[in-house]
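For reference, the structure discussed in these notes is given below.
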Amino acid sequence: MDLHRRHRWDLTPKEAVALQQELRAEVVTDRPLDLAGVRLVAGVDVSVKENVSQAAVVVATFPGFETIEVARAVRPTPFPYVPGLLSFREGPVLEEAFGKLTVEPDVFVFDGSGYAHPRRIGIACHMGLWLGRPTIGCSKTRLTGRHDEVPPEKGAWAPLLDKDEVVGAALRTRASTSPVFVSPGHLIDLASAIDIVMACSPKYRLPQPIRLAHNAAGAFEPGPDLFGRSTDPDRP
DNA sequence: GCGACAG
DNA sequence: ATCTTGTCGC
């Protein structure tokens with residue numbers, strides 16, 4: 001891991017913004033990442049239970065999505081939720097989980113934004129700097145930017161524009177459901193990020209790595225409830 | 001000053 | 001994120 005990018009996390013919101021301004025220059029979002037070379041993908045997510053955050057990083061084969069490793073970490077939640085500063089809330093517990101990995105995933109998919117951020121350094125970019133590995137941001141809702149209506153077919157997408165700059169894409173990973181928001185994290189470009197997220201979404205709205213991480217983080221239990229309805233947010 | 005605002 | 005019941009559509 002790249003120790004040079006480590007830094008303290010106990011900052012005030014104001015200091016956190018200043019740090020983001022420093023780190024944004026280090027983020028690389030113009031590098032293609034060939035799908036054909038991907039063997040292992042990791043999903044990253046954090047669940048919060050009463051001041052306690054639990055992180056889960058699930059490494060799975062690609063394609064096939066067989067889990068080969070799960071790294072977890074539990075810590076008191078250190079920072080409030082502030083739009084634009086999510087990495088300062090989830091970063092510490094994620095670092096601990098990342099430190100437990102014994103394999104090196106080819107790409108990490110985050111439940112959150114990457115470059116599609118007001119200062120162009122969402123959690124996927126920030127943690128990508130720490131990991132020194134390719135990362136992708138994939139959120140369920142929009143943090144910043146606007147986009148035209150996305151065609152209804154699976155795979156269709158529309159550029160996410162913020163201040164006349166393409167910062168990501170609204171991507172239809174599944175027909176008849178709202179699009180997800182994809183943006184480069186670090187060491188990858190937007191086109192490659194879109195390709196990978198689509199390749200990771202054979203059936204559900206959210207890419208498989210994120211679903212696996214979501215489960216491992218304890219956000220929801222799988223299987224139908226007592227009424228025969230699905231408990232899975234991404235299964236109608 | 002008024003909205004918008006990942007998880 | 002988490003809380004929380006039923007309901008609508010493919």
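In what follows, chains are A, B, ... by sequence order, proteins preceding strands, each numbered from 1.
Distances were taken from every side-chain heavy atom of A:Ser47 (C-beta onward) to each of B:dC5, C:dT2, B:dG7; the shortest belongs to C:dT2. Between C:dA1, B:dA4, B:dA6, one nucleotide has an atom nearer to the side chain of A:Arg142 than all others, and that is B:dA4. When each of B:dA6, C:dA1, C:dC10 is scored by its nearest atom to the side-chain atoms of A:Ser176, the top-ranked nucleotide is C:dC10. Nearest nucleotide to the side chain of A:Ser113, out of B:dG7, B:dA6, C:dA1: B:dA6.
Residue A:Arg174 contributes atom CZ, which lies 12 Å from atom C1' of C:dG9 at whole-angstrom precision. The interatomic distance linking A:Asp162 (CG) with B:dC5 (P) rounds to 12 Å, in whole Å. Counting to the nearest Å, the P atom of B:dA4 and the CG atom of A:Leu86 are 21 Å from each other. The CG-P distance, from A:Asn51 to C:dA1, rounds to 17 Å in whole Å. Atom CD in A:Gln20 sits roughly 14 Å away from atom P in B:dA6 (whole-Å rounding). B:dA6 atom C1' lies 16 Å from atom CD1 of A:Ile136, rounded to whole Å. In this structure, A:Leu143 atom CG and B:dG7 atom P are separated by 9 Å, rounded to whole Å. Atoms CZ (A:Phe88) and P (B:dC5) sit 22 Å apart, rounded to a whole Å.
Contact annotation: A:Lys140 does not reach the phosphate of B:dA6 (side-chain N/O to OP1 or OP2, under 4.0 Å). The side chain of A:Thr144 places no N or O atom within less than 4.0 Å of a non-bridging phosphate oxygen (OP1 or OP2) of B:dA4. Regarding contacts with the backbone of C:dA1, a side-chain N or O of A:His214 is found under 4.0 angstrom from either OP1 or OP2.
Note: A:His126 and A:Phe88 have perpendicular aromatic rings, judged against thresholds of 30 and 60 degrees for the angle between ring planes.
Nucleic acid contact class of A:Glu50 (heavy atoms, under 4.0 Å, all strands): none. Residue contacts shown for A:Gly84 include a base, since a base heavy atom lies under 4.0 Å away.
For the pair A:Phe181 and B:dA6, the ring geometry does not qualify as stacking, because the centroid separation below 5.5 Å and plane angle under 30° are not jointly satisfied.
Counted within 6.0 Å of CG on A:Asp10, heavy atoms from surrounding residues, nucleotides or ligands total more than 12; the atom is thus considered enclosed.
With values rounded to the nearest 0.5 angstrom, A:Leu85 atom CG is found 9.5 Å from A:Thr12 atom OG1.
Taking the ring axis of A:Phe181 as reference, the NZ or CZ atom of A:Arg142 does not stay both within 45° of it and closer than 6.0 Å to the ring centre.
Remark: A:Arg75 engages A:Glu96 in a salt bridge, criterion side-chain N to carboxylate O under 4.0 Å.
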